[in-house]
Amino acid sequence: MEALFASYGDSSSDSDTERGNPSNSGINSSSSQPETTNLPLPPPPLSLVNPPNSLGSIDHHLPTGQPSRVRNFPHVEGNYALHVYIPILIPLAPKKELAQFLKRVSSILPGIYVVDVDVPFTSLRKDDLELEQVAFGREFHISLGRTVPIRVHQIDSIVAMLRQRLQSQRRYWIDFSKWEVFVNDDRTRTFLSLEVITGGLLEITKQIQVVNEVYRLHNLPEFYKDPRPHISLAWLSGDVSSSLKRVVVEEMKRLSVESSLHKHFFSCKFGGIHCKIGKKPYKICKFSGE
């Protein structure tokens, strides 16, 4: 089984020092001042609470005893998580079809969660629009290298070398054309993903090779020997790859009977390579002719 190295960073991954709130003990009230009545302020506009592009509040979808995220490596003070990737935004048109597919899968395997936000699909099945927004309304990524810890003195060198070797890239189309199941290295999670097997595969493979070279020069572990570019949309706890594959195959058979087979689920244009170190993002490449 090909392993998927999935990265899920959190605030404790970074070596940031948080400052406490300033004390308000220096503000004195005086009994000699006239007493005034403080009227409550009106609530803020809803557009500020939930901007149009935000996912809004998803707390009401989070169940008690929700599975916690598992680190890929232990947190060490002074280490920063490095992740090199291609950002992907799912177009509007295919979201409905993807949502319906995941609804059916989750009805058979109820322990399936939305990637990153960790909301169970079972809590989203009643509202299709909310399902599409929560499950697909954010940026996904195609990993070009393992997510690994690096030291602060390595940051400038890694970023400079990535930019030098990937500085000029041509735009190309990326086709997501196959549902696939992956398991992470320690087999604590199983992922349902869309894999790139045609358009864009050659270009992404070459970019992975370049990232591997940079990792190698910094004594970092390289990517998988036979990389399979993909974006992950959902996950389940443990290694349940056999069960998930069986469900996916059955659903794909049903879809092939009800409608014509897809050449791909959706396509998007390559939009560049990003690198995230701790919480700080770096733009790695520019496009030829721009």
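Side chains are part of it too, since the values below use all heavy atoms of this structure and drop only hydrogens, waters and symmetry mates. Just so you know, residue 1 is the first one in the sequence shown, and it goes up from there.
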* Asked: Salt bridge check: are Glu213 and Arg216 linked by an N-O gap of less than 4.0 Å?
  -> no
* Please round to the nearest 0.5 Å and tell me the distance separating atom CD1 of Ile142 and atom CD1 of Ile273. => 10.5 Å
* Separation of Ile112 CD1 from Ser106 OG (nearest 0.5 Å) -> 6.5 Å
* Run the ring-centre check on Tyr172 versus Phe270 and record whether the distance is less than 6.0 Å. => yes
* Do Val249 and Val181 belong together in a cluster built from hydrophobic side chains that touch within less than 4.5 Å? -> no
* Asked: Does NZ belonging to Lys276 count more than 12 external heavy atoms closer than 6.0 Å?
  -> no
* **Distance in Å, Phe140 CZ paired with Leu89 CG, rounded so as to fall on 0.5 Å steps** => 9.0 Å
* Do Ile277 and Tyr85 sit in the same hydrophobic cluster, where Ile, Leu, Val, Met, Phe, Trp and Tyr count as joined when their side-chain heavy atoms come under 4.5 Å apart? -> no
* Taking all non-hydrogen atoms of both residues, which atom of Leu124 and which atom of Leu131 are closest, and how far apart? -> O-CB, 3.7 Å
* Asked: Any Lys/Arg nitrogen of Glu132 or Lys96 sitting under 4.0 Å from an Asp/Glu carboxylate oxygen of the other?
  -> no
* Look only at the side chain of Asn184 and the backbone of Arg189, and say whether a donor-acceptor pair between them is shorter than 3.5 Å. => yes
* Asked: Can you name the residues that form a side chain to side chain donor-acceptor pair (under 3.5 Å) with Asp239, not counting sequence neighbours?
  -> Arg187, Ser241
* Ring center gap for Phe266 and Phe176 short of 6.0 angstrom -> yes
* Any donor-acceptor N/O pair, His230 side chain to Arg228 backbone, under 3.5 Å -> yes
* Verify the cluster assignment for Ile197 and Leu194: are they in a single hydrophobic cluster under the rule of side-chain heavy atoms below 4.5 Å apart? => no
* Asked: Honestly curious: do Val210 and Ile204 fall in one hydrophobic cluster under the side-chain, below-4.5 Å linking rule?
  -> yes
* **Cluster overlap Leu102 with Val247, hydrophobic side-chain contacts below 4.5 Å** => yes
* Interatomic spacing from CG in Leu220 to CG in Asn212 - rounded to 0.5 Å -> 10.5 Å
* CZ on Arg146 to OH on Tyr224, rounded to 0.5 Å -> 4.5 Å
* Do Trp235 and Tyr113 have their ring centres less than 6.0 Å from each other? -> yes
* To do: Mark yes or no for whether Thr190, through its side chain, and Val183, through its backbone, hold a donor-acceptor pair below 3.5 Å.
  => no
* To do: Please identify each residue that fulfils ring-ring contact (aromatic ring centres under 6.0 Å, His included) with Tyr282, with sequence neighbours left out.
  => none
* Asked: Looking at CZ of Phe101 and CG of Leu233, how far apart are the two atoms once the value is rounded to the nearest 0.5 Å?
  -> 10.0 Å
